[in-house]
Amino acid sequence: MTSPHVHAPTFEHHRDPLGIGENAPRLSWTVTTGLPGWRQAAYEIELSDGTASGRVESEESVLVPWPGGPLGSRERRGARVRVHGHDGKASDWSEWSWAETGLLEPADWQAGAAAPPPGLLGPPDGPALLLRRDFTLRAPIARARLYVTAHGLYEAEINGHVVGDDVLAPGWTSYGHRLRYRTHDVTTLLRRGANAIGATLADGWYRGRIGFLGGTTGVYGDRTAIIAQLEIAYEDGTAETVVTDGSWRCATGPITATSLYDGEKHDARLLPDGWSEPGFDDSAWLPADVLAHDPARLVAPSGPPVRRTETLSPVAVLTGPSGETILDFGQNLAGRLRIRVQGPAGHTVTLRHAEVLENGALALRPLRQAAALDQYTLRGGDGPEEWEPRFTTHGFRYAQVDGWPGDLGPADVQAVVCHTDLRPIGAFDCSDPLLSRLHDNVRWSMRGNYVDLPTDCPQRDERLGWTGDLQVFAPTAAFLYDCSGALASWLADLAAEQADLGTVPPYVPWVPLKFPPRSAAVWGDAAVLVPWVLYRSSGDLGLLRAQYASMKAWVEHVTSLAGDDHLWNEGFQYGDWLDPAAPPDKPGKTRTDPALVATAYHARTARVLADTAALLGHHADAARYGELAEAVRAAFRREFVTPSGRLACDSQTSYALALTFDLLEGPAQRERAGRRLVELVVQDDHRISTGFAGTPLICDALCSVGAYDTAYELLTQRACPSWLYPVTMGATTIWERWDSLLPDGTVNPGEMTSFNHYALGAVADFLHRTVAGLAPAAPGYRRLRIAPRPGGGLTHASARLETPYGLASVSWERDGETLTVTATVPPGTVAEVDLPGSAMREVGAGIHTFTVTGKGGGPGPAR
Ligand code: BGC
């Protein structure tokens, strides 16, 4: 194809723009064209209400301002776009795409919070409750929308059909500040005449147990409730609204207990037939109480919901040491099982979940106080019964099945993978199957740990939005998935919690456990660095604008903690958490001085804040934080760096921080520091010796001083501890510890032994940028940097990314001394191509092939 083809525009960061919260959604589009070097010169946007932007002379195609007037609640609008190239030729108009706003004003909400009466509520994590009501529709229906959320977890039904395909709705936000609702198109579920609406309601994060050390319950309240507003537009132009109110009736149902950590118990004999269909006799049910709620807290989603994204069949049926049946799904994942079972009424099947086996049996200790046990009691009858728990999720690869009636067939039990349905955008592959598997493991850990919010782990009594884990992983996350919308919500929670607590708590949403919300470097720094990473990958300056107050408040807070000498050397720190030298029971006892880590991060966040201020036009702030960054850098050097460039704390993490955060002065110090870092890595036999703080940086640090070979030796090391050691042990996800499974096959005795933690997988960012060689050179990949640095005996590597401008890719092959690189540069962008041993050049949109000979080296890509 030669002439440019423009794709239908997208709205903000939405995958499914029904019920959006923005009244002037920004539009983005991509162009496909075979015209080399194509760049947009102008665009035209047309809206379905007749608004036309006219020809706008602009190269912008990402998050372009809404050309029309602000939308009101429930407004549906189409948009299409046409582009003009610098060559004067116009594309055809794109297809239309449509968005519809949700309820934008608190006053739009008439629904009360319908709460089951206290007498029906069990203890926290007790039974799920059913709520329902009948209603009559008097005319043919043109359109119907259900706006719905809950205090607790819900699944809505209309006339016997489950509404939507969300899992664990409404997800977890800082409910005290922000509660997400969803908009569903339910037009086809309704009919003229008698109808019924119902919901199953569970405690979930609202009232159920959350957290470690025994956790806590009732964090957000002790009464669960459903908030639903069903708006029906009749064909005759009139309308009707059915809301949660005192007319709803409540009862217990088949779910006798359900808990995010402990699992779900379902007795199918207790399911009232037809309870969500019209005409069901609910006279014995109890009326709901109507509780006050604040509709100002209700927000539309900015990212996708949790969904079932894949189903896996067992790859093996094993027999445990006591004769138990254990299914191996071949992949560690987050989700739950779906069973198809036939047997007598009252018979119970029990499902237990674990990530690994120890001595052939499920290893349950790493789950700590999460029972991860589901039970299904059969209704009995002629046909098979299908069941999947609804309000729980587990992290597992293995499942023990007890009490199965008859023979267990291969199709009887499936693993249903559940996580936030983010759009996958990035991929990596290379000639070393172990490295490629490492990358797959990183992706699986991202999937397992994005269950509505970015978590530390999906299996034990935790699953919290630990800020540090995401902070180090964010560059990788933003390459693998389009997570801008989803993370914008989490960052809004972070800012809300921060405003309340006076600091960025170590996990968001904050849940008070046995310690106060302590300020910690690396963790709290997420406030500044996560928005920055998202801006770099998406080009969305609006994200920085939205987070600016939070970013600034964090840097100010750290500045006051550090005091006049600018050294953050007092108070609690996690430091280089999980440094492999730390004893199993003391994961924070690290080689690297926590004050060095904290002060380095202070300099880094002050610098990023200064850059952000400049971008947003806050010039006084830009100057102030620029000076602060310099002052902290100077303080760092005074305290931790010898004049020649050695570090007072002689650890790999110290050098990695100093080099990548640009804390040293002049080439001589960098050279000395680089040499020492290489010595340390060699001294450790190229085994990894960094924790959460150093791991994402160490390879970049080595490359930044030209030590590519050392970086590759570290990257391709297989002995423990290393990135590839878990892969050689059969890992299918990234482990929390370098040695979560010890070389003898036993589980690490420490408390912190998850097999699905993404933090140490932050190295995937290096695989993308340096091994394959695809990096942003300007926000949103408007400029690309194509700079592969082949090494480690690899013969090929490739990376692909759906950038905001379209597909970019780099793929290289090495044949002896000849390196052939093929790159796809999306329309509207340019790429700087920096290949080993050859001069830098710039190319425009199109597919390019380059060949260079010789071993080459050269500087690594800038971060
Ligand atoms: C979590 C981590 C987290 C850490 C903070 C752990 O329990 O699983 O990943 O960042 O605590 O120290």
Side-chain angles (χ1 to χ4, degrees), residues 172 209-216 260-261 332 334 355 365-370 395 442 445-446 448-451 453-474 476-477 490 494 497 503-527 529-530 571-580 582-590 592 594 597-598 601 653 690-696 726 733-740 747-763:
W172 188 15
R209 175 163 61 98
I210 307 178
F212 48 98
L213 302 172
T216 183
L260 286 162
Y261 295 155
N332 197 21
E355 298 184 290
R365 184 177 51 80
L367 305 183
R368 301 198 305 219
Q369 293 176 49
V442 174
S445 280
M446 166 92 184
N449 282 297
Y450 216 114
V451 181
L453 72 161
T455 63
D456 55 334
C457 58
Q459 74 299 83
R460 67 179 179 223
D461 53 356
E462 208 152 355
R463 315 181 196 182
L464 300 170
W466 283 98
T467 49
D469 301 49
L470 179 69
Q471 190 273 109
V472 299
F473 190 69
T476 297
W490 183 78
L494 180 148
E497 301 281 19
T503 186
V504 176
Y507 47 85
V508 172
W510 170 247
V511 173
L513 293 169
K514 297 212 161 85
F515 55 87
R518 299 178 287 210
S519 307
V522 184
W523 274 253
D525 292 313
L529 299 177
V530 175
F572 174 82
Q573 290 295 350
Y574 295 110
D576 192 22
W577 181 254
L578 285 175
D579 169 342
D585 60 335
K586 291 196 176 58
K589 204 162 174 244
T590 68
T592 308
V597 176
Y601 259 91
T653 291
T690 50
F692 271 34
T695 299
T733 38
I734 301 300
W735 296 348
E736 178 174 25
R737 290 175 182 274
W738 294 109
D739 57 353
S740 280
V747 174
N748 187 302
E751 270 269 283
M752 306 281 168
T753 306
S754 138
F755 291 86
N756 203 352
H757 247 67
Y758 52 45
L760 301 181
V763 70

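In listed order, ligands and their atoms are each counted from 1.
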Partners meeting side-chain hydrogen bond (donor to acceptor under 3.5 Å, both in side chains) with Glu497 (sequence neighbours left out): Ser174
Trp510: which residues meet the ring pair (Phe, Tyr, Trp, His ring centres under 6.0 Å) condition with it, sequence neighbours left out? Tyr507
Under 4.0 Å from ligand 1, counting heavy atoms only: the protein residues, by chain and number: Asp456, Arg460, Glu462, Trp466, Asp469, Trp523, Tyr574, Trp577, Phe692, Glu736, Met752, His757
Partner of Gln471 under side chain to side chain donor-acceptor pair (under 3.5 Å), chosen from Tyr601, Trp466, Trp523: Tyr601
Non-neighbouring partners of Arg209 that pass side-chain hydrogen bond (donor to acceptor under 3.5 Å, both in side chains), sequence neighbours left out: Asp262
dist Thr733:OG1 -> His757:NE2 (nearest 0.5 Å) comes out at 11.5 Å
Under the side-chain hydrogen bond (donor to acceptor under 3.5 Å, both in side chains) criterion, do Asn748 and Ser740 qualify, and how do the steps go? CA-CA 5 Å; Asn748 187 302; Ser740 280; over 6 Å; no
